[in-house]
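Have a look at the structure below before the remarks.
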Amino acid sequence: MIAPEDRTPLPREFFDRPVVEVAPDLLGRIVVRTTPDGPIVLRLTEVEAYDGPNDPGSHAYRGRTARNAVMFGPPGHVYVYFTYGMWHCMNLVCGPEGRASGVLLRAGEIVEGAGLVRARRRSARNDRELARGPARLATALDVDRALDGTDACGAGDTPLRMLTGAPAPADRVRSGPRTGVAGDGGDGDVHPWRFWVAGDPTVSPYRPHVPRRSRS
DNA sequence: AGTAAGATCCTCT
DNA sequence: GAGGATCTTACTC
């Protein structure tokens with residue numbers, strides 16, 4: 001359960017900062033997903049920063065498109081994309097409007113609503129795998145493109161909201177190259193913009209980028 | 001614990 | 001037409 005004092009909503013100003021500053025600050029924060037069947041509450045343990053047009057790894061690197069339009073909007077909104085033909089991943093838009101940067105939510109611990117999540121994540125062999133990985137996290141929270149553009153700092157009824165939670169102590173936060181991003185982890189332009197809580201069992205395993213061979 | 005391959009389709013070139 | 005901010009299953013050690 002979450003302590004009453006940790007249930008304060010994160011204000012929009014929280015997200016209106018450089019994305020590399022916001023990302024580590026999100027560790028330990030709370031995502032509340034309100035579904036018709038009840039709330040699902042998750043504590044963030046792993047995130048990655050993507051800094052808009054300056055970042056070759058970002059979906060916004062080549063400018064605005066129909067898919068990434070939300071990234072160019074105001075901070076505190078949710079950018080959801082569809083990938084590998086079957087999965088969704090979710091980001092929180094950061095920085096000033098137009099900067100097109102965001103934080104990918106990569107993993108977390110389900111602290112409420114585990115029953116609802118287990119029903120949706122049948123392949124998880126234990127509870128720590130329920131939201132261990134960005135697409136697993138999106139599946140656990142029942143997030144798809146229908147929620148693209150949702151305001152996570154909105155008032156009243158919202159499907160998605162961010163709470164202050166209990167931020168991870170600075171000496172527990174680690175950083176390193178981003179997972180599966182070309183350029184990171186190699187000799188080139190490395191961004192150590194993956195952030196996680198040291199020792200937390202819900203943090204996903206690191207996998208470097210590998211170009212996939214095309215079918216013949 | 002590690003490796004490998006297949007699934008599947010949207011987005012942009 | 002190529003490749004992707006991934007996951008699951010199967011198989012090996």
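Lettering follows sequence order; numbering is per chain, from 1. For clarity, every value in this text was computed on a predicted model and none was experimentally measured.
- Here G57(A) lies in heavy-atom contact (under 4.0 Å) with a base.
- Residue S123(A) has a polar side-chain atom (N or O) positioned under 4.0 Å from OP1 or OP2 of dT8(C).
- At whole-Å resolution of the value, CG in D148(A) and C1' in dC10(B) are 14 Å apart.
- When the side-chain nitrogen and oxygen atoms of R106(A) are compared with OP1 and OP2 of dT6(C), one or more of them lie within a distance under 4.0 Å.
- Here the P atom of nucleotide dT11(B) and the CE atom of M86(A) are 15 Å apart, to the nearest Å.
- In this structure, R12(A) fails the cation-pi test against F15(A), since its NZ or CZ atom is not both closer than 6.0 Å to the six-membered ring centre and inside 45 degrees of the ring normal.
- Other residues, nucleotides and ligands place no more than 12 heavy atoms under 6.0 Å from the OH atom of Y61(A).
- Protein atom OH of Y206(A) is 11 Å distant from nucleotide atom P of dT6(C), rounded to whole Å.
- Nucleotide dC12(B) forms a Watson-Crick or G-U wobble pair with dG1(C), both donor-acceptor distances falling under 3.5 Å.
- F195(A) places its CZ atom 15 Å from the C1' atom of dA5(C), with the value rounded to the nearest Å.
- Pair assignment for dT12(C): dA1(B), on the basis of Watson-Crick or G-U wobble contacts that are both within less than 3.5 Å.
- Side-chain contact check for T202(A) and D200(A): at least one donor-acceptor pair (N or O, by modelled atom type) lies under 3.5 Å.
- A stacking contact between Y81(A) and dA5(C) is absent: the pair does not combine a ring-centre distance of less than 5.5 Å to the base's six-membered ring with planes differing by less than 30°.
- Rounded to whole Å, atom C1' of dC10(B) lies 14 Å from atom CG of D144(A).
- Ring geometry for Y79(A) against H59(A) counts as perpendicular: the plane angle is over 60°, on a 0 to 90° scale with 30° as the lower cut.
- Counting any heavy atom pair closer than 4.0 Å across all strands shown, T65(A) reaches sugar-phosphate atoms only and no base atom.
- At the phosphate of dA5(C), neither OP1 nor OP2 sits under 4.0 Å from any side-chain N or O atom of R194(A).
- Taking atom NE2 on H88(A) and atom C1' on dA5(C), their separation rounds to 15 Å, with Å as the unit.
- Below the 3.5 angstrom threshold, one finds no donor paired with an acceptor across the side chain of Y84(A) and the base of dA7(B).
- Spacing between atom CZ of R62(A) and atom C1' of dC10(B) amounts to 16 Å, rounded to whole angstrom units.
- For F82(A), taking side-chain heavy atoms from C-beta onward, the closest of the listed nucleotides dC12(B), dT6(C), dC9(B) is dC9(B).
- Counting to the nearest Å, the C1' atom of dT6(C) and the CD atom of E129(A) are 14 Å from each other.
- Contact of the L147(A) side chain with the M90(A) side chain is not registered, since no non-hydrogen atoms from C-beta on lie closer than 4.5 Å.
- Map R145(A) and W87(A) each onto its nearest nucleotide of DNA chain B; the residue landing nearer the 5' end is W87(A).
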